[in-house]
Asker: 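Take this structure first; my questions come after.
So that the names make sense, note that chain A is the first sequence line, chain B the second, and so on, each numbered from 1.
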There are 2 protein chains.
Amino acid sequence: MRITNQREIILEELRKLKTHPTADELYEVVRKRLPRISIATVYRNLERLSEAGMIHKLEYGGRQKRFDGDISPHSHVFCVKCGRISDVKTRDDSEILDMVLDSRGYKILKCGVQFEGICPFCQQNNRSQKD
Amino acid sequence: MRITNQREIILEELRKLKTHPTADELYEVVRKRLPRISIATVYRNLERLSEAGMIHKLEYGGRQKRFDGDISPHSHVFCVKCGRISDVKTRDDSEILDMVLDSRGYKILKCGVQFEGICPFCQQNNRSQKD
DNA sequence: ATTGGTGCAAATGCTTTGCATAAAG
DNA sequence: CTTTATGCAAAGCATTTGCACCAAT
């Protein structure tokens with residue numbers, strides 16, 4: 001994979017953010033350093049980087065995809081009100097595969113626990129940040 | 001929730017299918033019984049029914065949502081090649097919440113294990129059914 | 001009678017693509 | 001010099017919405 005300026009800065013900025021940004025949120029951040037970058041470039045690079053396993057693509061709640069520059073093993077909670085995603089610390093992940101009794105002939109490549117809940121902000125406000 | 005003909009038949013047909021259909025796949029099936037039904041009605045009802053907990057909405061892989069008329073506790077595998085979703089039998093689900101060490105102030109509403117893999121069909125063909 | 005649901009078509013919103021140009025190796 | 005990536009604008013696709021009409025309670 002060719003190292004372009006755009007690719008480098010996208011990765012760098014994503015790694016700085018702890019917010020699991022959407023593509024357009026990251027685009028706004030990257031734009032401060034590369035004002036002429038296209039949103040298409042951001043999408044294309046996030047795709048390439050996640051294929052390469054250098055970042056994680058998070059798909060929750062049927063909304064916008066979110067991206068995580070931290071690829072160390074951890075789980076996520078999705079706030080059903082505002083769509084925010086946060087980290088969840090859990091015990092060892094590998095126990096999960098031991099739970100499988102019948103996978104119907106699938107070759108299982110990966111597994112993960114996904115949580116849904118209400119984030120601290122929405123608990124206080126009893127409504128969404130973004131709705 | 002009012003019981004309309006459309007709503008009844010959508011639920012009935014979804015419960016018959018073991019394939020975790022997308023909204024448009026279900027639309028094609030329902031259309032055989034209600035030729036004048038609109039895809040919007042299918043979407044609206046799938047939404048209402050899943051809010052009511054009568055069906056499950058499955059969101060995997062950033063593709064089309066899939067729906068499951070079987071709400072008994074079970075997990076799913078998503079085939080990364082063709083997008084098919086199948087059931088996975090696992091041991092008791094409640095152990096998962098016990099795995100949480102730190103949920104960052106979120107009130108956790110639900111949790112689930114998600115698996116990704118290659119379905120038997122794609123293993124044989126070494127390519128996707130739909131690509 | 002009143003509320004909620006439907007069908008249709010148009011709109012939305014996120015994401016992807018075609019194409020000509022530019023940069024990387 | 002040969003890929004591979006970029007920027008731009010347009011297209012794509014799943015889903016949602018506005019609105020007038022219809023049906024269920």
Side-chain angles (χ1 to χ4, degrees), chain A residues 1-14 20-52 54-67 78 80 82-85 128 130-131, chain B residues 1-14 20-52 54-68 78 82-85 128 130-131:
Chain A
M1 188 156 55
R2 210 169 259 188
I3 301 158
T4 63
N5 227 299
Q6 289 90 331
R7 187 160 294 161
E8 226 174 351
I9 290 177
I10 286 167
L11 183 56
E12 210 173 290
E13 293 299 327
L14 178 58
H20 313 89
T22 59
D24 60 294
E25 284 166 0
L26 185 58
Y27 170 64
E28 289 307 329
V29 172
V30 167
R31 217 137 77 102
K32 289 176 188 151
R33 293 177 60 187
L34 295 171
R36 295 192 48 74
I37 197 173
S38 157
I39 183 81
T41 299
V42 175
Y43 273 107
R44 277 187 287 234
N45 277 298
L46 288 172
E47 191 56 40
R48 304 276 280 104
L49 290 167
S50 92
E51 278 168 15
M54 300 172 70
I55 66 171
H56 281 157
K57 201 195 313 180
L58 310 176
E59 321 193 58
Y60 267 88
R63 307 204 198 184
Q64 277 171 279
K65 288 168 193 151
R66 294 182 164 271
F67 297 87
F78 169 78
V80 295
C82 69
R84 193 194 308 263
I85 289 183
S128 149
K130 291 185 178 171
D131 296 345
Chain B
M1 188 158 53
R2 209 171 262 188
I3 301 160
T4 63
N5 227 299
Q6 290 90 329
R7 185 159 295 162
E8 226 174 353
I9 291 179
I10 286 168
L11 183 55
E12 211 174 291
E13 292 300 325
L14 178 59
H20 313 88
T22 58
D24 60 296
E25 284 166 357
L26 186 58
Y27 169 63
E28 289 307 328
V29 171
V30 167
R31 217 138 75 103
K32 288 177 189 154
R33 294 178 60 186
L34 295 171
R36 294 191 50 72
I37 199 174
S38 156
I39 184 81
T41 300
V42 175
Y43 274 108
R44 276 187 287 234
N45 277 297
L46 288 172
E47 192 53 42
R48 302 279 278 100
L49 290 167
S50 92
E51 277 169 14
M54 299 172 71
I55 66 172
H56 281 156
K57 200 194 315 183
L58 310 176
E59 321 194 57
Y60 266 89
R63 307 203 200 184
Q64 279 171 279
K65 286 168 193 150
R66 293 182 166 272
F67 297 87
D68 194 346
F78 169 77
C82 70
R84 193 196 306 267
I85 289 183
S128 149
K130 290 184 180 171
D131 295 345

Asker: What closest approach, in Å, do A/Leu14 and A/Pro21 show between heavy atoms, and which atom pair accounts for it?
Answerer: CD1-CG, 3.6 Å

Asker: Ignoring hydrogens, what is the shortest heavy-atom contact between B/Ala52 and B/Met1? Give both atom names and the distance.
Answerer: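 So the two residues come closest at CB-CE, 4.1 Å.
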
Asker: Is B/Lys65 close to B/Phe67 at the side-chain level, that is, under 4.5 Å between some pair of heavy atoms?
Answerer: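 A side-chain contact exists here, since the closest heavy-atom pair is under 4.5 Å.
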
Asker: Polar pairs (N or O, both sides) under 3.5 Å between protein and nucleotides 11-13 of chain C?
Answerer:
none

Asker: Which is more 5' along DNA chain D, the nucleotide nearest B/Tyr43 or the one nearest A/Arg48? Just name the residue.
Answerer: A/Arg48

Asker: Restricting to ring pair (Phe, Tyr, Trp, His ring centres under 6.0 Å), what partner residues turn up for B/Phe78, sequence neighbours left out?
Answerer: B/Tyr60

Asker: Figure out the CD1/P separation between B/Ile9 and C/dT6, and round it to whole Å.
Answerer: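 In whole Å, C/dT6 P and B/Ile9 CD1 are 11 Å from each other.
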
Asker: Between C/dG4 and B/Arg7, is there an OP1 or OP2 to side-chain N/O distance shorter than 4.0 Å?
Answerer: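 B/Arg7 to C/dG4 OP1/OP2: no side-chain N or O under 4.0 Å.
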
Asker: Quick check against the 3.5 Å criterion: does B/Arg66 have a side-chain atom that pairs as donor or acceptor with the backbone of B/Leu58?
Answerer: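 Flag not set: sc B/Arg66 to bb B/Leu58 has no pair under 3.5 Å.
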
Asker: Heavy atoms only, 4.0 Å cut-off, all strands: where does B/Ile39 land among base, sugar-phosphate and nothing?
Answerer: nothing

Asker: Can you give the first and last nucleotides of DNA chain D, 5' to 3', that have an atom under 4.0 Å from a heavy atom of chain A?
Answerer: D/dT3 to D/dC8

Asker: Write down the distance between CZ (B/Arg63) and P (C/dT16), rounded to a whole number of angstrom.
Answerer: 11 Å

Asker: According to side chain to side chain donor-acceptor pair (under 3.5 Å), who are the partners of A/Glu8, at least two apart in sequence or on a separate chain?
Answerer: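 Partners of A/Glu8 under the side chain to side chain donor-acceptor pair (under 3.5 Å) test: none.
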
Asker: Suppose we screen for side-chain contact (heavy atoms from CB on, under 4.5 Å). Which residues come up paired with B/Glu28, at least two apart in sequence or across chains?
Answerer: B/Arg31

Asker: For A/Arg7, give me all partners under side chain to side chain donor-acceptor pair (under 3.5 Å), at least two apart in sequence or on another chain.
Answerer: A/Asn45

Asker: Quick one: label A/Asp24 by what it contacts on the DNA or RNA (base, sugar-phosphate, nothing), any heavy atom closer than 4.0 Å.
Answerer: nothing

Asker: The criterion is side-chain contact (heavy atoms from CB on, under 4.5 Å); which residues satisfy it with B/Arg33, sequence neighbours excluded?
Answerer: B/Ile9, B/Glu12, B/Glu13, B/Lys16

Asker: Closest approach of A/Ser50 and A/Lys57, non-hydrogen atoms and distance?
Answerer: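 Smallest interatomic distance, heavy atoms only, reads OG-CE, 3.5 Å.
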
Asker: Identify, with sequence neighbours excluded, every residue that meets salt bridge (Lys or Arg N to Asp or Glu O under 4.0 Å) alongside A/Glu51.
Answerer: none

Asker: End-to-end bend of the helix from C/dA1-D/dT25 to C/dG25-D/dC1 (five-pair axes, 10° rounding)?
Answerer: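 About 40° separates the two local helix axes.
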
Asker: Could I get the full list of side chain to side chain donor-acceptor pair (under 3.5 Å) partners for A/Asp24, not counting sequence neighbours?
Answerer: A/Thr22, A/Gln64

Asker: Let me have the donor-acceptor pairs involving side chains of residues 35-42 of chain B, under 3.5 Å, with sequence neighbours excluded, atom names and distances please.
Answerer:
| residue | atom | partner | partner atom | Å |
| --- | --- | --- | --- | --- |
| B/Ser38 | OG | B/Ala40 | N | 3.0 |

Asker: Check the distance between C/dG5's C1' and B/Ile37's CD1 and give it to me in whole angstrom.
Answerer: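 Interatomic distance, CD1 of B/Ile37 to C1' of C/dG5: 11 Å.
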
Asker: Side chains of A/Leu11 and A/Met54: does their closest heavy-atom pair fall under 4.5 Å?
Answerer: yes

Asker: For nucleotides 18-25 of chain C, read 5' to 3', which letter fits each nucleotide if B means a protein heavy atom sits under 4.0 Å from the base, S means only the sugar-phosphate is that close, and - means neither?
Answerer: B----BBS

Asker: Report yes if at least one side-chain N or O of B/Thr41 is closer than 4.0 Å to OP1 or OP2 of C/dG7; otherwise report no.
Answerer: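 Answer yes for this pair, as a side-chain N or O of B/Thr41 is under 4.0 Å from OP1 or OP2.
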
Asker: Checking all strands, does B/Glu47 fall into the base, sugar-phosphate, or nothing category for heavy-atom contacts under 4.0 angstrom?
Answerer: nothing

